[in-house]
Q: 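Handing you a structure now.
Numbering of ligands and ligand atoms starts at 1, following listing order. These figures come from a predicted structure and were not determined experimentally. Index from 1, following the sequence.
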Amino acid sequence: MELQLALDLVNIPEAIELVKEVEEHIDIVEIGTPVVINEGLHAVKAVKKAFPNLKVLADLKIMDAAGYEVMKASEAGADIVTILGTAEDMSIKGAVEEAKKQGKKILVDMIAVKDLAGRAKEVDAMGVDYICVHTGYDLQAVGKNSFEDLQTIKGVVKNAKTAIAGGIKLDTLPEVIKVQPDLVIVGGGITGQADKKAVAAKMQQMIIQG
Ligand SMILES: O=C(CO)[C@H](O)[C@H](O)COP(=O)(O)O
């Protein structure tokens with residue numbers, strides 16, 4: 001199981017400072033969608049340059065022009081690029097094809113997918129690397145989470161790694177770990193804490209203990 005730090009509400013210098021604090025306790029650093037909107041793929045480039053030993057995920061949430069966007073994120077140094085599970089099959093297949101060409105990975109974000117089990121089976125068959133259940137900020141605000149959804153995809157996904165994102169905190173991490181995803185994505189659960197390093201270290205320890 002790996003730990004990914006999601007950075008959503010920072011600029012490039014703040015992102016670098018934040019990662020410096022916790023880098024020994026995380027496996028992947030996510031350049032979140034709002035950061036890409038504000039800073040462009042320069043943010044991916046800058047973070048990869050500052051932390052060449054960490055994997056960098058570009059959370060582009062691609063919906064169209066997938067091959068081109070995967071190519072651009074790869075050129076900026078992303079190791080993993082996200083596409084939406086609601087995208088057309090042709091887009092997801094295009095993303096996988098380009099990622100393979102570039103030696104990169106594709107994570108499918110299942111946010112807002114209605115038939116989760118059915119779509120997870122379909123995207124799994126397209127050769128994606130990760131399938132991620134995700135409760136975004138707008139549904140977190142009304143008390144939703146993805147813990148049951150994680151069990152749903154664990155039951156049907158045969159090839160891809162499974163991942164979970166959305167509002168995971170230290171106190172809810174044990175519930176997530178019980179379901180054994182391959183990747184746990186945490187944003188505010190680390191970045192919103194006073195002692196980020198201590199929280200990231202504790203999460204890493206809990207994840208290693210499984
Ligand atoms: O992709 C995102 C929002 O769309 C976030 O990066 C993801 O939800 C993780 O952050 P948090 O733990 O703060 O919810």
Q: Under the side chain to side chain donor-acceptor pair (under 3.5 Å) rule, what do Asp109 and Thr82 come out as? Steps first, then yes or no, please.
A: CA-CA 7 Å; Asp109 185 335; Thr82 67; 5.8 Å; no
Q: Pairing donors with acceptors under 3.5 angstrom, does anything connect the side chains of Asn145 and Thr135?
A: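 Looking only at side-chain atoms, Thr135 and Asn145 do not form any donor-acceptor pair under 3.5 Å.
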Q: For the side chain to side chain contact (heavy atoms under 4.5 Å, CB included) test, which of Ile16, Val19, Ile12, Asp59 pairs with Leu7?
A: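 One option only clears the test, and that one is Val19.
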Q: Show me, by chain and number, every protein residue that has a heavy-atom distance under 4.0 Å to ligand 1.
A: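 Heavy-atom contacts below 4.0 Å: Ala6, Asp8, Glu30, Asp59, Lys61, His134, Tyr137, Gln140, Gly166, Gly167, Val186, Gly187, Gly188.
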Q: State which residues pass side-chain contact (heavy atoms from CB on, under 4.5 Å) with Lys154; sequence neighbours excluded, sorted by chain then number.
A: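 side-chain contact (heavy atoms from CB on, under 4.5 Å) list for Lys154, sorted by chain: Leu150, Thr162, Val179, Gln180.
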Q: Please check if atom CE in Met63 has more than 12 non-hydrogen atoms from other residues, nucleotides or ligands closer than 6.0 Å.
A: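 Correct, the count exceeds 12.
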Q: Counting only N and O atoms by type, is there a donor-acceptor contact under 3.5 Å from the side chain of Asp124 to the main-chain atoms of Asn159?
A: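 Checking the backbone N and O of Asn159 against the side chain of Asp124, a donor-acceptor pair under 3.5 Å is found.
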